[in-house]
Amino acid sequence: MKFRYLVFVVVLAVVAAVGIAMWRGSGPLPDPEGCSAKLAGRQVDLTTEQAENATLIAAIGVGRGLPARAVSIALATAYQESKIRNLTHGDRDSLGLFQQRPSQGWGTAKQVRDPYHATNAFYDALEKIPDYKSLRITEAAQEVQRSGFPEAYEAHAPDARILASVLTGYSPGGLFSCVVHQPTGRGSAARVVRELQRAFGQIDVARTGSRQDVAVTLPTGQDGARLGWSVAQFVVAHGVRLQPESVAYSGKRWQVGRASEAGWRRGAVGGPGTVRISMG
């Protein structure tokens with residue numbers, strides 16, 4: 001009887017401790033890894049894989065000087081075709097983010113499985129449509145994809161618009177963030193530079209200080225501010241692979257580990273002209 005009473009007391013104490021921790025907002029366990037974008041009262045949740053691919057689609061669009069509308073169309077297409085995942089299978093010989101078919105001239109099987117090649121190939125085809133900016137998203141996507149389900153893309157248009165607006169920097173201010181657990185290793189500044197240059201093209205990015213940190217110097221004006229948020233959010237979305245310790249831009253800072261659950265926080269050193277990526 002005494003043993004049962006002791007077990008009851010211990011269980012009650014554990015439950016109370018968990019309840020107090022949750023009431024305080026800390027929680028006994030870390031949030032799962034993943035990302036979310038918020039805009040106009042709507043939230044879009046993404047897995048780490050989806051976030052990496054979505055920010056890459058946005059980054060390539062920004063690097064090519066395309067409007068957010070083009071990114072919306074690309075994201076809605078990737079949602080419908082692959083759930084924004086780089087698939088190794090599909091209908092007949094369809095592969096990759098956009099389920100492009102090597103037999104239809106999209107490239108080799110290896111190329112269409114490369115998200116960089118696949119995304120650029122999609123934008124190449126989209127830019128050949130003279131009125132794509134004025135078409136409904138599903139109509140523009142259909143002009144590129146020639147799908148048997150031409151209206152299917154429109155179901156993903158609302159989420160695609162939110163992601164495109166946020167990830168291209170048109171809706172700035174840290175509306176996109178990720179939970180990234182503390183990495184076991186240390187990221188490479190050189191790799192961050194390579195990834196950013198490949199995604200965004202000709203941007204002013206270099207290793208700084210001890211050469212373990214990275215700085216992206218932005219052009220002045222509104223275009224520079226948009227690029228800054230797009231770059232910063234790209235690095236955050238790729239945090240699991242690139243393993244930055246923190247990303248700072250425009251007075252806000254995102255930090256890896258348990259702190260990433262809080263998203264972007266105010267108080268970072270530096271103004272709007274530079275994105276600073278600390279590798280620890």
For the residue pair I137 and T77, establish whether any side-chain heavy-atom pair is separated by less than 4.5 Å.
no
Do V179 and I277 share a hydrophobic cluster, counting only Ile, Leu, Val, Met, Phe, Trp and Tyr and linking them when any side-chain heavy atoms are less than 4.5 Å apart?
no
Axial cation check for Y116 ring with R198, 6.0 Å and 45° limits:
yes
Which distance, rounded to the nearest 0.5 Å, do you find between the CD1 of I162 and the OG of S171?
9.5 Å
Taking every non-hydrogen atom, the tightest pair across G96 and S82
O-CB, 3.7 Å
Output yes when a side-chain donor or acceptor of S165 lies under 3.5 Å from a complementary backbone atom of R161, and no otherwise.
no
Side chains of R186 and E245 in contact at under 4.5 Å (non-hydrogen atoms)
no
Could you check whether R113 and N86, counting side-chain N and O atoms only, form a donor-acceptor pair closer than 3.5 Å?
yes
Evaluate the salt bridge (charged side-chain N to carboxylate O under 4.0 Å, His left out) criterion for residues E195 and R241: first the C-alpha distance (whole Å), next the side-chain angles of each, then the deciding distance (0.1 Å), finally the verdict.
CA-CA 11 Å; E195 293 272 356; R241 288 193 306 105; 3.5 Å; yes
Backbone N/O of R226 and side chain of S230: donor-acceptor pair under 3.5 Å
no
Backbone N/O of D31 and side chain of E261: donor-acceptor pair under 3.5 Å:
yes
Nearest 0.5 Å, please: how far is CD in Q142 from OG in S147?
5.5 Å
Value rounded to 0.5 Å, distance of CG in L167 from CG in L175
10.0 Å
Main-chain N/O of M279 paired to Q243 side chain as donor or acceptor, under 3.5 Å
no
Taking E151 for its side chain and E139 for its backbone only, find out whether a donor-acceptor pair lies under 3.5 Å.
no
Which pair of heavy atoms, one from L126 and one from Y132, lies closest together, and at what distance?
O-CD2, 3.5 Å
Contact summary for Q182 and V256, nearest pair of heavy atoms:
NE2-CG1, 3.7 Å
Between I84 and A54, which heavy-atom pair has the shortest distance, and what is it?
CG2-N, 3.9 Å
Ignoring hydrogens and angles, tell me if any N or O in the side chain of S246 forms a donor-acceptor pair with the backbone of Q255 under 3.5 Å.
no
Output field: ring centroids Y79/Y153 closer than 6.0 Å:
no
Show, in sequence, the C-alpha distance, side-chain angles and deciding distance for I57 and Y123, and conclude whether the side-chain contact (heavy atoms from CB on, under 4.5 Å) test is met.
CA-CA 10 Å; I57 290 170; Y123 285 136; 3.4 Å; yes
Non-hydrogen side-chain atoms of C35 and F176 separated by less than 4.5 Å
yes
Linking I/L/V/M/F/W/Y whenever their side-chain heavy atoms sit closer than 4.5 Å, directly or via other members, would V275 and Y170 fall into one cluster?
no
Is it true that a side-chain atom of H117 and a backbone atom of W106 form a donor plus acceptor pair closer than 3.5 Å?
yes
Between R276 and Y249, is NZ or CZ placed under 6.0 angstrom from the six-membered ring centre and within 45° of the ring axis?
no
For W229 and K252, what are the C-alpha separation, side-chain angles and deciding distance, and is it a side-chain contact (heavy atoms from CB on, under 4.5 Å)?
CA-CA 11 Å; W229 279 115; K252 293 186 178 182; 4.1 Å; yes
How many angstroms lie between atom CZ of F149 and atom OG1 of T138, to the nearest 0.5 angstrom?
12.5 Å
For R101, is there any backbone N or O sitting under 3.5 Å from a side-chain donor or acceptor partner on Q104?
no
Checking side-chain contact (heavy atoms from CB on, under 4.5 Å) for the pair S36/V44: CA distance, chi angles, key distance, verdict?
CA-CA 5 Å; S36 64; V44 180; over 6 Å; no
Okay, side chain of Q50, backbone of T47: is any donor-acceptor separation there less than 3.5 Å?
yes
Using the test salt bridge (Lys or Arg N to Asp or Glu O under 4.0 Å), find all partners of E127 that sit at least two apart in sequence or belong to another chain.
R64
Mind listing the closest non-hydrogen atom pair of G228 and L218 along with its distance?
CA-CD1, 3.5 Å
Can you find a heavy atom in the side chain of V216 that is under 4.5 Å from one in the side chain of I203?
yes
Heavy atoms, side chains only, cut-off 4.5 Å: are V193 and V214 in contact?
yes
Would you mind checking if R42 and D159 are paired as a salt bridge, meaning a charged N to carboxylate O distance below 4.0 Å?
yes
NZ/K133 to OG/S72 distance, rounded to the nearest 0.5 angstrom?
13.0 Å
May I ask you to test the I73-V144 pair for a side-chain heavy-atom distance under 4.5 Å?
no
Do L95 and L87 pass the side-chain contact (heavy atoms from CB on, under 4.5 Å) test, and can you show the C-alpha distance, the side-chain angles, and the key distance before you say yes or no?
CA-CA 6 Å; L95 296 168; L87 298 181; over 6 Å; no
Going by atom types alone, do H156 and Q80 pair a side-chain donor with an acceptor below 3.5 Å?
yes
Test item: Q145 and F122 side chains (from C-beta on) under 4.5 Å apart, heavy atoms
yes
Keeping the roles fixed (side chain from D93, backbone from S103), state whether a donor-acceptor pair exists under 3.5 Å.
yes
Answer yes or no: is there an ion pair linking E143 with K128, defined by an N-O contact shorter than 4.0 Å?
no
Heavy-atom check, side chain of L97 versus side chain of E81, under 4.5 Å
no
Is it the case that more than 12 heavy atoms not belonging to Q222 sit under 6.0 Å from its CD atom?
no
From H89 atom NE2 to S94 atom OG, the distance as rounded to the nearest 0.5 Å
10.5 Å
Atom of T208, atom of A215 and distance for their closest heavy-atom approach:
CG2-CB, 3.4 Å
